[in-house]
Protein chains: 2
Amino acid sequence: MSSYSIGDLSAQSGVKVPTIRYYEQIGLIAAPARTEGNQRRYGSAELNRLRFIAHARDMGFAMDSLKSMLSLSTRKDAPCAKVDAIVEQHLAEVDQRIKQLTRLRGELAGMLSGGHHGTVGECRVVEVLSDHDHCGYEHGAAA
Amino acid sequence: MSSYSIGDLSAQSGVKVPTIRYYEQIGLIAAPARTEGNQRRYGSAELNRLRFIAHARDMGFAMDSLKSMLSLSTRKDAPCAKVDAIVEQHLAEVDQRIKQLTRLRGELAGMLSGGHHGTVGECRVVEVLSDHDHCGYEHGAAA
DNA sequence: GATAATCCTCCAGTCACTGGAGCTTTTCGT
DNA sequence: ACGAAAAGCTCCAGTGACTGGAGGATTATC
């Protein structure tokens with residue numbers, strides 16, 4: 001049967017119990033039915049929704065993004081393109097991040113190959129990372 | 001001349017004024033000299049340090065990681081080998097992040113690959129996100 | 001029917017900022 | 001040189017996204 005306690009739901013979704021309650025509090029999931037003794041009881045729809053949330057969050061989607069994806073997902077007639085757009089945007093962000101990190105990787109690797117001369121005084125780690133021109137990264141634009 | 005007010009420093013580094021004060025408070029940057037009237041005055045060393053912090057944070061380095069890098073950079077006599085070890089550690093960290101993001105990238109791209117069919121009802125994104133088995137993504141590792 | 005496990009609510013804390021209130025200092029235009 | 005405006009100061013409270021504990025009620029199991 002599909003009646004889960006909050007603990008079951010937690011185990012099935014990987015979302016911690018207090019976090020589930022928090023999600024309910026902020027309206028990310030609906031308040032579920034309660035037992036006589038006031039305990040939450042969930043169905044499989046709620047489990048799916050929670051899994052969706054957990055997965056999307058794990059993938060780094062912003063809370064706002066997944067909120068809008070969730071609201072879209074409940075309206076079966078909503079255009080898929082809208083959801084796709086959110087994913088596309090996130091994809092672009094991820095691409096940007098990968099680019100930055102790859103660049104940083106190069107910098108770090110370069111520092112190592114520089115060899116082992118005595119002290120930090122000559123190491124370029126901090127130098128490279130503090131010199132804006134060195135990296136070509138555009139600050140201010142949130143990733 | 002190299003004497004910046006906190007506002008100058010903010011403008012030069014892209015770090016907001018309250019954030020600079022916060023960084024001072026948690027000991028990430030040293031308490032700077034003050035004017036007669038108790039206002040902070042910074043030099044270019046502090047600007048570099050702040051740029052380093054901003055850059056490293058933008059890159060997604062954990063606070064602890066950049067603290068350890070910074071602490072090494074201030075001790076000019078620190079053995080280079082130690083720095084190298086830390087750089088290596090960060091290199092591994094960066095590699096790990098790149099790997100994660102690349103996998104995520106693939107997953108996101110995969111979601112979009114179905115093409116743009118009509119409605120959310122058939123939307124692959126929603127489907128993939130609610131069904132864990134669909135994606136083969138290993139949860140638990142933050143992006 | 002006892003006892004352990006789980007659940008409830010409420011509240012406080014975390015991290016990394018961010019912003020406002022109320023006041024002082026500095027800078028700038030005239 | 002002076003007065004307004006801009007920027008600075010401290011302190012404190014709030015944000016987002018949880019996380020965890022206290023103290024007590026409810027379920028599940030033996």
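Here is how names work: the chains are called A, B, and so on, in the same order as the sequence lines, proteins then strands, and each is numbered from 1.
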May I have the distance from A:Y22 (atom OH) to C:dC10 (atom C1'), rounded to whole angstrom? 16 Å
Between C1' on C:dT14 and CD1 on B:I26, what's the gap in Å once rounded to a whole number?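 Atom-to-atom, B:I26 to C:dT14, this comes out as 13 Å.
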Using a 4.5 Å cut-off on heavy atoms from C-beta on, say whether the side chain of A:S65 contacts that of A:Q89.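 Not touching, per the 4.5 Å side-chain cut-off.
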Report yes if the side chains of A:F52 and A:M69 come closer than 4.5 Å at any heavy-atom pair, otherwise no. yes
Please determine whether side chain to side chain contact (heavy atoms under 4.5 Å, CB included) holds for the pair B:Y42 and B:L47, giving the CA-CA distance in whole Å, both sets of side-chain angles, and the decisive distance to 0.1 Å. CA-CA 7 Å; B:Y42 300 91; B:L47 176 57; over 6 Å; no
Does the [X] side chain pair with the main chain of [Y], one donor and one acceptor, at a distance under 3.5 Å?
{"X": "B:E46", "Y": "B:G43", "result": "yes"}
{"X": "B:S10", "Y": "B:V15", "result": "yes"}
{"X": "B:R49", "Y": "B:L28", "result": "yes"}

Hey, where on DNA chain D does chain A first and last touch, going 5' to 3'? Cut-off is any atom under 4.0 Å from a heavy atom.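 Span of nucleotides near chain A: D:dA17 to D:dT27.
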Please determine which of A:Q39, A:R40, A:R41 meets the side-chain contact (heavy atoms from CB on, under 4.5 Å) test together with A:S5.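 Answer to the side-chain contact (heavy atoms from CB on, under 4.5 Å) test with A:S5 among A:Q39, A:R40, A:R41: A:R41.
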All N/O contacts under 3.5 Å from nucleotides 2-9 of chain C to the protein, with atom names and distances to one decimal?
from, atom 1, to, atom 2, distance (Å)
C:dC7, OP1, A:S5, OG, 2.7
C:dC7, OP1, A:G7, N, 2.6
C:dC8, OP1, A:R40, N, 2.8
C:dC8, OP1, A:R40, NH1, 2.8
C:dC8, OP2, A:R21, NH1, 2.2
C:dC8, OP2, A:R40, NH1, 3.4
C:dC8, O5', A:R40, NH1, 3.4
C:dC8, O3', A:R34, NH1, 3.4
C:dT9, OP1, A:R34, NH1, 3.1
C:dT9, OP1, A:R34, NH2, 3.1
C:dT9, OP2, A:R40, NH1, 2.9
C:dT9, OP2, A:R40, NH2, 2.9

Could you go through the side chain to side chain contact (heavy atoms under 4.5 Å, CB included) check for A:N48 and A:R51 one step at a time? CA-CA 5 Å; A:N48 274 342; A:R51 276 187 178 150; 4.3 Å; yes
